[in-house]
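Down below is the structure, laid out as structure tokens.
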Amino acid sequence: MMLDINGCALNVELLGGEDPAKPLLIAHHGAPGLGSMEEPRAAFGWLADTFRVIIFDARGSGKSADVPPYDHDQWVADIDALREWAGAERFVMAGGSYGGFLSMEYAVRHPERLLALVLRDTAPDATHDNLALENARASDRVDIPEERLARMFDGKVLDNDDFRDLWRELLPLYTFTHDPAAIEAKVASVDYHYATHNAAFSTARETYDVKPHLHRVTCPALVTVGREDWITPVVNSEQIAELLPDAELVIFEESGHSPPLEEPERFQQVVRDFLDRALARA
């Protein structure tokens with residue numbers, strides 16, 4: 001369904017029905033301008049048996065409208081507007097990669113709203129770029145010119161065709177086991193919004209740093225990461241878990257950037273067990 005959220009038409013799905021007795025979970029996708037609700041559908045949609053699960057395309061991504069601003073203030077305000085639309089005073093926030101950035105941004109601004117926080121393969125600031133670039137240069141799966149890497153990381157993509165070509169080059173880095181045959185299918189599945197990516201990576205992300213504020217987040221938190229994550233390496237999740245007052249860290253040894261896809265059975269069990277404990281406490 002398309003909802004008017006803060007003046008922008010967002011593509012939203014509510015999984016698990018409308019029973020207000022079921023707790024709410026809002027799941028945020030990563031990769032502004034590349035990501036869509038299909039990522040959190042795979043990562044958290046299976047929780048619809050016990051939760052109302054909101055998945056959505058953030059403004060400037062997927063099938064949602066291209067209505068700026070594309071910045072953390074606006075994206076966090078959109079999350080809270082979805083919470084209000086669902087009629088929940090408190091809920092579980094979940095997000096992976098850049099969606100983890102926004103999940104933590106929400107958590108430090110609205111800690112009283114959260115029953116629990118679930119993070120996947122993310123970072124507390126933008127300094128992980130240096131590690132990610134080193135990993136890309138060292139990989140034998142890709143050979144990407146420095147100029148092209150820099151344009152992607154600095155938010156200087158030229159247009160949607162350029163965005164698609166850069167994404168195709170980077171995709172082999174994301175998985176634990178490389179499957180060249182899957183690359184073109186992934187490339188073809190994306191709605192490209194290069195202006196959203198450029199705004200996020202050239203401006204919005206430059207001031208992103210939740211490290212001084214994570215102590216405010218007192219709800220239970222689960223921090224998950226793949227051992228071979230190239231773009232938000234394990235050290236970032238370790239730092240998040242150390243700074244959150246009540247956090248569990250789980251490392252998936254046979255995953256890259258997406259444990260929900262690469263080790264789905266274990267990921268689902270870890271998340272289910274954590275949420276059972278967190279909601280029992282709440």
Side-chain angles (χ1 to χ4, degrees), residues 28-32 34-35 39-40 42-43 72 94-105 107-108 117-144 146 148-155 166-167 169-179 183 186 197 200-201 204-214 217 221-244 247-264 266-267 270-271 274:
H28 207 297
H29 65 77
L34 278 173
E39 174 212 312
H72 290 199
S97 197
Y98 207 112
F101 296 4
L102 298 173
S103 295
M104 286 184 282
E105 289 271 31
V108 300
L117 176 66
V118 181
L119 302 172
R120 178 205 48 86
D121 296 87
T122 190
D125 59 26
T127 60
H128 64 283
D129 277 6
N130 292 333
L131 285 173
L133 289 168
E134 289 176 12
N135 290 335
R137 294 174 186 130
S139 174
D140 60 4
R141 295 184 184 179
V142 300
D143 184 13
I144 306 173
E146 287 292 319
R148 294 179 67 74
L149 276 173
R151 283 199 290 108
M152 192 70 164
F153 275 81
D154 295 342
L166 289 167
W167 182 231
E169 290 180 277
L170 285 171
L171 269 172
L173 295 169
Y174 279 86
T175 54
F176 182 78
T177 302
H178 182 35
D179 180 7
I183 297 299
K186 291 181 180 179
H197 170 86
F201 278 72
R205 202 186 56 144
E206 291 306 300
T207 58
Y208 167 66
D209 184 358
V210 294
K211 297 192 306 299
H213 312 296
L214 288 178
V217 184
L222 175 65
V223 184
T224 67
V225 62
R227 175 66 72 185
E228 300 300 321
D229 187 344
W230 78 279
I231 193 166
T232 49
V234 170
V235 65
N236 295 287
S237 289
E238 291 174 335
Q239 189 174 30
I240 293 167
E242 289 172 0
L243 292 170
L244 287 167
E248 302 175 25
L249 172 67
V250 180
I251 300 172
F252 291 80
E253 299 295 338
E254 297 184 1
S255 292
H257 193 59
S258 298
L261 300 181
E262 299 193 274
E263 298 181 66
R266 182 175 178 231
F267 182 84
V270 165
V271 172
F274 165 76

Subject >> salt bridge (charged side-chain N to carboxylate O under 4.0 Å, His left out) partners of E263, counting only residues at least two apart >> reply: none
**OP:** For R141, check salt bridge (charged side-chain N to carboxylate O under 4.0 Å, His left out) against everything at least two apart and list the hits.
**Re:** none
Residues two or more places apart in sequence or in another chain: which of them pass side-chain hydrogen bond (donor to acceptor under 3.5 Å, both in side chains) with [X]?
X	value
E262	none
E248	R277
E169	R148
S258	none

So, for [X] and [Y], which heavy atoms are closest and what is the spacing to 0.1 Å?
X	Y	answer
F252	T224	CE1-CB, 3.7 Å
V250	V270	CG2-CG1, 3.9 Å
E105	Y208	OE2-CD1, 3.4 Å
P259	G226	CG-N, 3.7 Å
L249	A241	CB-CB, 3.9 Å
N236	P124	O-CD, 3.9 Å

Subject >> Test side-chain contact (heavy atoms from CB on, under 4.5 Å) applied to A136 - qualifying residues, sequence neighbours left out >> reply: L149, L173, W230
Original post:
Quick one: side-chain contact (heavy atoms from CB on, under 4.5 Å) partners of A221, sequence neighbours excluded?
Top reply: L117, L244, A247
Original post:
Does G99 offer a backbone N or O that forms a donor-acceptor pair with the side chain of S97 under 3.5 Å?
Top reply: no
Original post:
Are the side chain of H197 and the backbone N or O of M152 linked by a donor-acceptor pair below 3.5 Å?
Top reply: yes
[X] versus [Y]: any side-chain heavy-atom pair under 4.5 Å?
X	Y	value
Q239	T127	no
R137	E146	yes
V217	V108	yes
I231	Y174	yes

Original post:
Relative to each other, are the rings of H72 and Y98 parallel, tilted or perpendicular (30° and 60° limits)?
Top reply: perpendicular
Original post:
Does any pair with a residue in residues 223-243 pass salt bridge (charged side-chain N to carboxylate O under 4.0 Å, His left out), and if so which ones, sequence neighbours excluded?
Top reply: R227-E253
Subject >> All pairs passing salt bridge (charged side-chain N to carboxylate O under 4.0 Å, His left out) where residues 120-133 contributes a residue, at least two apart >> reply: E39-R120, D125-K211, D129-R205
I need the [X] [atom1] to [Y] [atom2] distance, nearest 0.5 Å.
X	Y	atom1	atom2	result
R151	L166	CZ	CG	5.0 Å
N130	N135	CG	CG	11.0 Å
W167	L34	CH2	CG	5.5 Å

Subject >> Qualifying residues under ring-ring contact (aromatic ring centres under 6.0 Å, His included), relative to H128, sequence neighbours excluded >> reply: F101
Original post:
Who are the ring-ring contact (aromatic ring centres under 6.0 Å, His included) partners of H29, not counting sequence neighbours?
Top reply: none
